[in-house]
Amino acid sequence: LLVLIYHINYTKNINVYSFGGYNDEFTVLDGTIYIGNDINRFSSPNIIYSGSKIVLSEYTIGYYIGDNALVVVSNKNIDELNGVNMKDIIENTEFSFTETHKNADKFSKSKVKEINNLYFRVEGKTSDGGEISLKVPLEVTKISK
């Protein structure tokens, strides 16, 4: 029984991380990552956009570890006459997901090793024909043992 208790308490590796970051236009608050024995969970933080109004005709917005996309929303060829307000997309999209730990794709062992390279990225085309590319590096802190 003691061996079983030891095994349950000390060999099951559960890691919890928090993350956040900011630049002149974005503030990313209160994100969490849970890497467990059964599931992995990425919880979307609050994102505050305080920059100027930008209307997008195309966009790819999301979280990345290095070059690997974790969770991304994308839309090509929006109605170019009207477009969509970038602030609305960012503040109203739930950038969260859950995956099984076994055979994990988003948080495989190699990607977890690179977790300190987490960032939020916005790329796209504005309705007036310009291009936008913004990147917010995020500070990741391990809060579990």
Any chance you could measure Ser57, atom OG, to Lys125, atom NZ, to the nearest 0.5 Å? 7.0 Å

Under a 4.5 Å side-chain heavy-atom rule over Ile, Leu, Val, Met, Phe, Trp and Tyr, are Val73 and Tyr63 clustered together? yes

If we only count heavy atoms from C-beta on, is the Ile33 to Leu118 side-chain gap below 4.5 Å? yes

Is it the case that atom CG in Asp67 sees more than 12 heavy atoms from other parts of the structure closer than 6.0 Å? no

For Glu139 and Phe19, indicate whether the former's side chain and the latter's backbone hold a donor-acceptor pair under 3.5 Å. no

Shared ILVMFWY cluster between Leu56 and Phe26, side chains joined below 4.5 angstrom? yes

Nearest non-hydrogen partners of Ser133 and Glu123, listed with the distance: OG-OE2, 3.7 Å

Are Tyr22 and Ile54 connected into the same hydrophobic cluster when the rule is that any two of I, L, V, M, F, W, Y join if their side-chain heavy atoms are below 4.5 Å apart? no

Using side-chain heavy atoms (C-beta onward) and a distance below 4.5 Å, is Tyr49 in contact with Glu25? yes

Joint hydrophobic cluster, Ile115 plus Val71, side-chain heavy atoms closer than 4.5 Å: yes

For a 4.5 angstrom cut-off between non-hydrogen side-chain atoms, does Glu99 reach Asp105? yes

Mark yes or no for whether Ser18, through its side chain, and Gly31, through its backbone, hold a donor-acceptor pair below 3.5 Å. no

Please determine whether residues Ile48 and Phe95 belong to a single hydrophobic cluster, defined as Ile, Leu, Val, Met, Phe, Trp and Tyr linked transitively by side-chain heavy-atom distances below 4.5 Å. no

For this output row, return yes or no: ring centroids of Phe97 and Phe107 closer than 6.0 angstrom. yes

Short question: side chain of Ser144, backbone of Val16 - any donor-acceptor pair under 3.5 Å? yes

Tyr119 vs Tyr64 aromatic rings, parallel, tilted or perpendicular, using cut-offs 30° and 60°? parallel

Report the distance from atom CD1 of Ile89 to atom OG of Ser74, rounding to the nearest 0.5 Å. 10.0 Å

My understanding is that only one of Arg41, His101, Lys142 makes a side-chain contact (heavy atoms from CB on, under 4.5 Å) with Ile35; could you say which? His101

Beyond-backbone contact of Ile61 with Thr93, side-chain heavy atoms, under 4.5 angstrom: no

Working to the nearest 0.5 angstrom, can you tell me the gap between Ser108 OG and Glu114 CD? 10.0 Å

Minimal heavy-atom distance between Ser96 and Ser44, with the atoms involved, is OG-N, 2.7 Å

Has Asp38 got more than 12 heavy atoms of other residues, nucleotides or ligands less than 6.0 Å from its CG? no

Looking at side-chain heavy atoms only, is the closest gap between Tyr17 and Thr141 below 4.5 Å? no

Taking C-beta and beyond as the side chain, do Val136 and Leu138 meet within less than 4.5 Å on heavy atoms? yes

Within the supplied structure, the quantity of interest is the number of heavy atoms (other residues, nucleotides, ligands) at a distance under 6.0 Å from Glu131 CD; does it exceed 12? no

Take a 6.0 Å sphere around NZ of Lys135 and say whether it holds more than 12 heavy atoms from other residues, nucleotides or ligands. no

Trace of the side chain to side chain contact (heavy atoms under 4.5 Å, CB included) decision for Val84 with Val55: CA-CA 5 Å; Val84 63; Val55 178; 5.9 Å; no

To the nearest 0.5 Å, what is the distance between CD1 (Ile143) and CG (Asn15)? 10.5 Å

May I ask you to test the Lys111-Asn68 pair for a side-chain heavy-atom distance under 4.5 Å? yes

With a 4.5 Å cut-off on side-chain heavy atoms, are Tyr34 and Ile39 touching? yes

Report the C-alpha distance between Ile132 and Met86 in whole Å, list the side-chain angles of each, state the deciding distance to 0.1 Å, and finish with yes or no for side chain to side chain contact (heavy atoms under 4.5 Å, CB included). CA-CA 11 Å; Ile132 186 168; Met86 182 175 74; 4.0 Å; yes

